[in-house]
Structures are given as C-alpha cells and as structure tokens.
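Each remark here refers to the structure printed beneath this line.
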Amino acid sequence: MDLFISILSGVCMALGGILLISGAVGVLRFSDFYNRLHAAGVTDTLAASLILFGLMLLSEHSGILLKLILILLFVLLTSPTASHALAKAAWKAGLKPDTSNDKPGQ
Amino acid sequence: MLTVITVTLLLVMVLALIRAFKGPSVFDRVLAANVFGTKTVLLIAVMGFLFGRPEFLDIAMIYALINFISVIGILRYFEFTHGGKAEDET
Amino acid sequence: MAKQIFARHTVSVIFTLAVIWGANSWNWDPLLIAFGVLSVLLVAWICHRMDVIDHESQPFHLTLRLPAYYAWLIKQIVLSNIDVVKRVWRSDSSSSAVLARLPVEQSTDVGRVIYANSVNLTPGTLVVELSNTQMLVHALTQESITELQQGEMSRKVTELEG
C-alpha cells in the first residue's frame, strides 16, 4: 500500500513537472502577450495542483495535509484573479492582442 | 522524485527570468514575475519535504499571499500610470 | 429575519477563521488556543465593523451544490490543459487567437465571479473585461470560443446560483 501511494505521488509530480516545463516553454515561445498568459495559466492551475497533490500523498501528518490544502486553495483562488488583472491592465494600457481573424464586435 | 521536481522548478524559474529580461512590454515582465512567484511557492513546499522540514509550508503559504498582493499592487500602479485615466472599480 | 441571516453569516465567518487558525497552528496548548480565540474574535469584529459580513463574502448557500460543479470544472481544466500543452509543443507558432464578446446571464455578483473565474481557470480562455451584462474573452482557438458560446458552463453556473 505504501509503495502504491508513493508511486501514485511520483506519477502526479512527474506529470506536474512535464506541465511546468510546457508552461514555461510556452511563456517563452508564444509571440503574443495574451497567448503567453494562457501558457502561464497551464502551470498555475493544473501543474500546481498536481505537485501539491503529490506532496499531500507523501505527508504523514494531518496538520501538514491541511496546510497543503490551504496552499492549494490560495493558489486556485488567486491565480485566475491575477491573470485577469494582468489581461485587464494590459488591455486598458492599449496592448492589442494579435488576432489574425479579429471580430470583437461579435 | 522530489529532487527531480526541485531541479525542474529551478529550470522553469530560469525560463521565467529569461522572459522577464526579454520583455518586451512591462506586462510581460509582471507576468514573468507572477510565474516566478508561483513557482517559488511550489519550490519552498517541495524543498520542505525534501529536507524533512514541513515548517517550510508556512513560509510557502505566506509567500503565496504576498505574491498575489504584490502582483495586484504593481498592476494597479501601471494601470493608472499607463492608462492615464482613473476608472471605476470593478 | 435579517438579524437571523446576519447571525448565520457571523457564525460562518468565525467557523472559517477558527478552522484556518487550527489548521495552521496544529498546537493544542491552552495558551495558544486562547490566543486563537482572541484573534478569531478580533478579526470577526473588524469584519463586522467593515460591514463585509454578508451572503457575498460567505456564500455558504452554494456549499452543497459546489462539489458537483467543481468535479465538472476539473474535467474541463484537464481537457483544455492538454489542448494548450499540445499547442505549446507544436512546431508552427502561428497565432490563431480570437477576441469575442460573450453575454453574461448570471443575475448575482457571486454567479458572475464564479463564471468569470471558471473561464480564467480553464487555460486557453481568458476574461479581459467583465461588466454586468457581457464579457470580453480572449481565446487561444476559435473552438474554445465556440464551446463557451454553446453555453454549457454558463448554464451550470446559473443552476449553481439557483
């Protein structure tokens, strides 16, 4: 059982690591600011959840588990707000997204 | 596995720093700082487990809150200086 | 009636604060418990003075319906994550991003916030501007806009706010 749990936590963290790398490469590669925001969103939601979940499986003390859950809740509540604030500030500053087929009137 | 994740997180933070130096707009830099901050939270949490010091989780939690507040604060500043005009709160 | 609702929300604030204190302290020393009780009461009093204790800051009427919604949302998040990751590693980095205005049908502020936050949480879609009746969404692909326009997420949030 212990072996199973540590394998599961390892798989979670490995998936999280792959997502982390993908998100960072996306932040570097995408040409447009708004697209980079999407790539950053990948790492903020699923990768953070997977890594924290992997840590939760490793914790043997319920106090640690509760703290990890609190951190996960903070991250999940704050990251969409932060990316919305970024998008809104950039939009208000007049940074136009690069849309090949632009139809904002729709 | 914890070591691998720690190294991955450090690599990702380096990539975020490259984006922060490249810019080009100020919002790219704030975005990179935000990504860097979220990764720092994860790094502190993972390192707490790696070194068997779960007290690190408290620091990670505080860092998560400070990171969010600082990003919002910086954005308020640039929103008003770049946009030029004060808008209503939404 | 109003007083009763107020009392329920105050109890909910105190309960939440106590849980957070307990989770972070995890130390059942009488002295520390006394400090915890004092801090919780102080913060509850400050919240009361700031007049922020209402159904908006304490949306516990949603608690029972939230888990089903979150289960659905997690599935959506995983699916759109896979999509964005695929686009990251694809060799052509051509941008097919789309901007679109979508209607917001939720009647309460809490509902609108949940809807916009859900759109933000799923990678590939991002709310740029939000007003009472509509929002400006930036999406990585046309498909995700079409999916939002079909309105499954919006309908689920409307059901949630009841």
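Within every chain, numbering begins at 1; the chains are lettered A, B, ... in the order of the sequence lines, protein sequences first and strands thereafter. Computed from heavy atoms alone, side chains included, the values below leave out hydrogens, waters and symmetry copies.
- Contact of A/Phe74 with chain B is made through the side chain alone, with heavy-atom distances under 4.5 Å.
- Across every non-hydrogen atom of B/Asn34 and A/Ala82, the tightest pair is ND2-CB, 3.8 Å.
- Ranked by heavy-atom pairs under 4.5 Å with chain B, the first of A/Ala48, A/Ala85, A/Ser6, A/Ala90 is A/Ala90.
- Nearest heavy-atom pair across B/Leu57 and A/Leu68 is CD2-CD2, 3.7 Å.
- Taking both residues in full, the closest heavy atoms of A/Gly17 and B/Thr8 are given as O-CG2, 3.8 Å, listed atom of the first, atom of the second, then distance.
- Across B/Arg19 and A/Leu28, no two heavy atoms sit closer than the pair NH2-O, 2.8 Å.
- For A/Ser79, no part sits under 4.5 Å from any heavy atom of chain B, backbone or side chain.
- Put simply, of B/Asp28, B/Val4, B/Val12, the one with the most heavy-atom pairs under 4.5 Å next to chain A is B/Asp28.
- Note on B/Lys22, B/Lys39, B/Glu55, B/Met13: by heavy-atom pairs under 4.5 Å with chain A, the leading option is B/Lys39.
- Contact of B/Ala16 with chain A is not made at all, since no heavy-atom distance falls under 4.5 Å.
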Report the C-alpha distance between B/Val30 and A/Leu86 in whole Å, list the side-chain angles of each, state the deciding distance to 0.1 Å, and finish with yes or no for side-chain contact (heavy atoms from CB on, under 4.5 Å). CA-CA 8 Å; B/Val30 180; A/Leu86 266 164; 3.9 Å; yes
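- Counting all heavy atoms, side chain and backbone alike, B/Leu31 lies closest to A/Ala40 at CD1-CB, 3.7 Å.
- In this structure, CZ in B/Phe27 is found 13.0 Å from CH2 in A/Trp91, a value given to the nearest 0.5 Å.
- Listed options A/Leu55, A/Val27, A/Ile64, A/Leu37 were ranked by heavy-atom pairs under 4.5 angstrom with chain B; first place goes to A/Leu55.
- Every side chain to side chain contact (heavy atoms under 4.5 Å, CB included) that A/Leu58 has, sequence neighbours left out, goes to A/Ser9, A/Met13, B/Leu2, B/Phe49.
- The two residues B/Leu15 and A/Ala24 come nearest to each other via the heavy atoms CD1-CB, 3.5 Å.
- When heavy atoms are compared at a cutoff of 4.5 Å, A/Ala87 does not approach chain B at all.
- For chain B, the nearby parts of A/Leu20 are the backbone and the side chain; heavy atoms of each come within less than 4.5 Å.
- Most heavy-atom pairs under 4.5 Å with chain A, from the set B/Val71, B/Leu65, B/Leu11, B/Ile72: that is B/Leu65.
- Expressed to the nearest 0.5 Å, how far CE of B/Met1 lies from CD1 of A/Ile51 amounts to 9.0 Å.
- For B/Val41, the part lying near chain A is the side chain, with the backbone staying farther off; criterion is any non-hydrogen pair under 4.5 Å.
- Highest contact tally toward chain A, considering only B/Ile18, B/Leu42, B/Val35, is held by B/Leu42 [criterion: heavy-atom pairs under 4.5 Å].
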